[in-house]
Amino acid sequence: MAIIINKDTKVLVQGITGRQGSFHTEQMIHYGTQIVAGVTPGKYGQSVNGVPVYDTVTAAVERHDVDATIIFIPAPGVKDAALEAMDVGLKTMVIITEHVPLHDELDIMAQAEKKQVTIIGPNTFGIISPGQSKMGIMPNSIYQPGPVGVVARSGTLSYEIAFGLTNAGLGQSTVIGLGGDRVVGLSFTDVLKMMEQDRGTKAVVLVGEIGGNAEEEAAKYIATMTKPVVAFIAGHSAPPGKRMGHAGAIIERGHGTFENKVQALTAAGAKVANLPWEVPELLQKML
Amino acid sequence: MKLFEHMGKELFRKYNIPVPEGKVFDNLDHLEEYVANLGAVIIKSQVLSGGRGKAGGIRFAKNPLDAKSAAEELLQTIVKGYPVKAVLVEKRLDIDQEIYLAITVDGSAKKPVIIASASGGMDIEEVAEDQIIKKYVDVHIGIQPYVGREIARRLGLQGNYLKQFASLLVNMYQLFRSYDCELVEINPLVICHDQLIAADAKVTVDDEAVFRYQPGMPMVDERSEREKKAHQLGISYVELDGDIAVMANGAGITMATLDILHHYGGKPRNFMDAGGGASTETTAKALEILLSTKPKAILANIFGGITRCNDVANAFKQVSEQLGIPVPLVIRLVGTNEQAGLDILKQQGIASFRTVHEAVAKVVELAAAGEEELTNGNNNQ
C-alpha cells in the first residue's frame with residue numbers, strides 16, 4: 001500500500017527536455033514510474049528516453065491517460081505551467097522547482113483549492129512509494145518497501161533519514177517532501193491524515209525544521225493518531241534571525257523555535273529524536 | 001529584501017497612501033534650509049530594524065539648528081547593530097490616535113492576511129491576541145473597499161475615517177501584489193488633523209521575484225561580500241562565528257549537519273547550502289568561498305539526489321589541483337552517482353565517509369589537532 005502514487009500512476013513530465021527534466025525522467029523510468037508523456041512548448045515530435053513530447057498539456061492528455069504531473073519548469077514559468085495542468089483537469093501535481101515567487105505560489109494554491117488539486121511542493125524532492133513509483137529527484141538506491149511513512153520539509157535531510165531506516169531494515173510505505181517554501185501545497189497534517197488511513201503504513205516519521213508553525217499544527221493532529229510518530233527537527237543550533245536557506249527556516253521574534261516544536265510534538269505523544277540516527281532506534285522500540 | 005523606510009514611503013506615495021512630508025539625507029547639506037520650511041521635525045535613522053525609537057535612533061527637533069545637530073549625531077551612530085547611513089527628516093505630526101495595519105502572507109493558510117489593531121505604535125508581538133483583527137484575502141477577489149470598512153468599524157473608526165481607511169487598505173493591497181511583497185506594514189497609521197497618515201513604512205519584497213522587478217525598483221543589499229558572492233552562485237550562505245567550514249546540499253541537511261557538529265563539540269564557521277543540483281563549477285566556487293574564510297577544517301556532507309556525487313567530487317579535485325586545500329578536508333559523499341564520485345576522490349587521495357556521524361567526529365578531531373599544533377608551535381617560539 002502507499003499514498004498518492006503507486007505502480008499504476010501514469011505521469012506527465014512538464015519541462016521534460018530541460019537539463020533536470022530529461023535526467024530525472026530517465027531516473028524515474030529506471031525506478032519503474034510510468035512516464036507516459038512530456039511537455040515542452042515548441043518541442044512537439046521529440047522524444048526523451050522514448051517518452052513522446054508535446055507542445056501543451058492539452059495535447060498530451062488528448063493522446064494519453066494521465067493521472068499526475070511533475071513540473072521541472074524554471075521558476076518564472078511555474079505558475080503558468082501549474083495553471084495549465086489544473087485547467088486541463090489534472091488533480092495531482094508535484095512541483096520540483098525552487099525559487100518560485102511567493103505571490104505565484106499564492107495564486108497556484110488558490111486555484112488548487114478551487115479545483116481540489118493535490119499539490120506537492122514547490123521546492124520539493126517529490127514523492128516515492130518504494131518498489132512502486134516515484135515522482136521526484138530523490139536517489140533511487142536508498143529506499144526499500146516497508147511499513148514506515150516519512151513526511152519531510154527538507155529534501156536531503158529526508159534522504160538521510162530514509163537511508164538510516166533502510167540500513168536498519170525498516171522499509172518505507174511512502175516518502176513525501178512537502179517543500180521548503182513558506183507557501184506549499186500539502187501540509188504535514190494533510191499527509192499524516194493519509195498515512196493514518198493507509199493500511200500499508202504502521203508508523204510515521206516527521207522530519208521538520210525550525211521556522212514557521214507547521215510542526216506545531218501537525219502536533220494537534222498527532223495527538224489524535226493511533227499510529228506511532230517519531231520526529232526529528234533540524235536547526236537546534238541555528239542562531240535566531242538568520243535565514244538558513246529555505247524561506248521557512250528562520251526564527252523570528254521567538255516563533256517557530258526548536259524548543260516550541262519539540263515541546264508541542266512531545267506533548268502530542270510523538271517521540272523526538274535528538275540526532276538523525278536515533279530515528280530508527282526509536283521506531284524499532286515502537287513497532 | 002527589506003526596504004528602508006524612505007523607500008517604502010516612496011512606494012506609498014506612488015500608491016496614494018498618505019505619508020508625512022519629508023526628505024532623506026545622507027549628509028548635512030541643505031538640511032537646515034529644508035527644516036526651516038517644515039517647522040518642527042522628526043529625524044529618523046534609516047536602518048533595517050524595528051524598535052529604532054527605543055534604541056535612540058529617532059529624534060525630535062523644533063528648529064533647523066537642533067535638527068542639524070541631531071542628524072549629525074545620528075549619522076555617526078550604530079542603531080541595533082546597523083550603522084546609520086541616512087536619516088529621514090519629516091514634518092512632525094500631531095497624533096490623535098495610532099493604529100497598526102499590515103498585509104502579509106500566512107503560510108499555513110496559504111493566503112495573504114490583513115492584520116490590524118487599535119493598539120498601534122507597539123510591537124505587534126506584544127499586543128494581546130483578542131486585540132488583533134485578522135482577515136484572510138482570496139487572491140481571486142483581492143480586497144474590496146467593504147473589507148476595509150468593516151475592519152475600520154472594528155477598529156472604532158467612523159464617518160470619513162471609515163472611507164479613508166477602506167481606500168488606503170485597497171491601495172496597500174495593490175502595492176502588496178504589484179511589488180511581490182512579503183510584508184507591507186504601517187505602524188503606526190496615525191489620525192492627524194482629520195487625515196489618516198502612514199507615519200512609518202515597512203516593506204519587504206520577495207527576492208525570488210527579482211526577475212520581474214519594475215524599473216526604478218529600490219534595492220537594498222544587506223549581505224556581506226562573501227554572502228553576495230555566494231548569492232550570485234545561487235547558493236545559500238550565512239556567516240557564523242565558529243572555525244569549521246561546512247558545506248552540505250539542502251537547507252535541512254545543512255542545519256542538521258550544524259546540529260551534529262555542535263553535538264560533537266565543533267563550531268561551524270558558516271552555513272552553506274550548496275544544494276539544488278549545483279554543477280562542478282558552482283561547487284568549486286563555493287569551496288573557494290569557504291577557503292577564503294580561513295577555517296581550521298572543512299566538512300562537506302553531500303547526499304546526492306538532484307546533486308550528483310561525481311560533479312561534487314570533480315569540484316574538490318579541481319580546487320585541490322588549482323589552488324590547493326591547505327586545511328583538513330572531510331567529505332561524506334553518498335547518493336546519485338556515488339561510485340563515480342568516490343573514484344574521483346580516491347584518485348585525489350581524499351578520504352570519504354559513508355555516515356555523517358563518522359565524518360563529523362573526524363572533522364572535529366582534525367580541527368582540534370590543528371589547534372593543538374598551532375598552540376604547540378606558539379609555545380616553541
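The structure displayed is predicted, hence computed values, not measured ones. In what follows, chains are A, B, ... by sequence order, proteins preceding strands, each numbered from 1.
Atom NE2 of A:His236 sits about 9.5 Å away from atom NE2 of B:His262, to the nearest 0.5 Å. How far OG1 of B:Thr355 is from CH2 of A:Trp277: 8.0 Å, rounded to the nearest 0.5 Å. Distance CG/A:Asn213 to CG/B:Asp106: 7.0 Å, rounded to 0.5 Å. Separation of atoms CD (A:Glu113) and CG (B:Asp138) is listed at 7.5 Å; rounding is to 0.5 Å. One distance of note links OG1 of A:Thr156 with CG of B:Asn301; it measures 9.0 Å at 0.5 Å rounding. Distance CD/B:Glu182 to CG/A:Leu102: 6.0 Å, rounded to 0.5 Å.
By the neighbour-count criterion of 12 heavy atoms within 6.0 Å, atom NZ of B:Lys228 is densely surrounded, having more than that number from other residues, nucleotides or ligands.
Relative to the ring axis of A:Phe163, B:Arg354 does not place its NZ or CZ within 45° and under 6.0 Å from the centre.
Chosen from B:Met272, B:Glu338, B:Arg177, the residue pairing most often with chain A at heavy-atom distances under 4.5 Å is B:Arg177. Counting heavy-atom pairs closer than 4.5 Å to chain B, the top residue among A:Val183, A:Asp107, A:Ile142 is A:Asp107. The residue among B:Leu261, B:Thr336, B:Asp206 with the most heavy atom pairs within less than 4.5 Å of chain A is B:Asp206. Among A:Phe232, A:Phe23, A:Phe125, the residue making the largest number of heavy-atom pairs under 4.5 Å with chain B is A:Phe23.
Between A:Pro276 and B:Ile260, the closest side-chain pair of non-hydrogen atoms falls below 4.5 Å. In this structure, B:Glu208 and A:Asn123 have side chains that are not in contact, with every pair of non-hydrogen atoms separated by 4.5 Å or more. For the pair B:His140 and A:Gln111, the minimum side-chain heavy-atom distance is below 4.5 Å.
Under the 3.5 Å distance criterion, the side-chain polar atoms of A:Ser154 are left unmatched by any main-chain donor or acceptor of B:Ala251. With hydrogens and angles disregarded, a donor-acceptor distance shorter than 3.5 Å links the side chain of A:His103 to the backbone of B:Cys181. Using modelled atom types, one side-chain atom of B:Lys110 and one backbone atom of A:Gly185 make a donor-acceptor pair closer than 3.5 Å. In this structure, B:Asp259 contributes its side chain and A:Ser237 its backbone to a donor-acceptor pair below 3.5 Å.
Only the backbone of A:Val184 has a heavy atom closer than 4.5 Å to any heavy atom of chain B. When heavy atoms are compared at a cutoff of 4.5 Å, A:Ile161 does not approach chain B at all. Residue A:Ala214: no heavy atom, backbone or side chain, is found under 4.5 Å from chain B. With a threshold of 4.5 angstrom between heavy atoms, B:Pro112 approaches chain A through its backbone and through its side chain. Of the two parts of B:Asp180, the backbone and the side chain both hold a non-hydrogen atom closer than 4.5 Å to a non-hydrogen atom of chain A. The part of B:Val139 that comes within reach of chain A is its side chain, from C-beta onward, which places non-hydrogen atoms under 4.5 angstrom from that chain. Interface residue B:Phe211: only side-chain heavy atoms are found under 4.5 Å from chain A. Of the two parts of B:Arg212, only the side chain, counted from C-beta on, holds a non-hydrogen atom closer than 4.5 Å to a non-hydrogen atom of chain A.
Between A:Glu160 and B:Arg332 a salt bridge is recorded (basic side-chain N to carboxylate O distance below 4.0 Å).
Considering all non-hydrogen atoms of both residues, B:Gly304 and A:Pro139 come closest at O-CG, 3.2 Å. The two atoms that bring A:Ala234 and B:Gly252 nearest to each other are CB-O, 3.7 Å, heavy atoms only.
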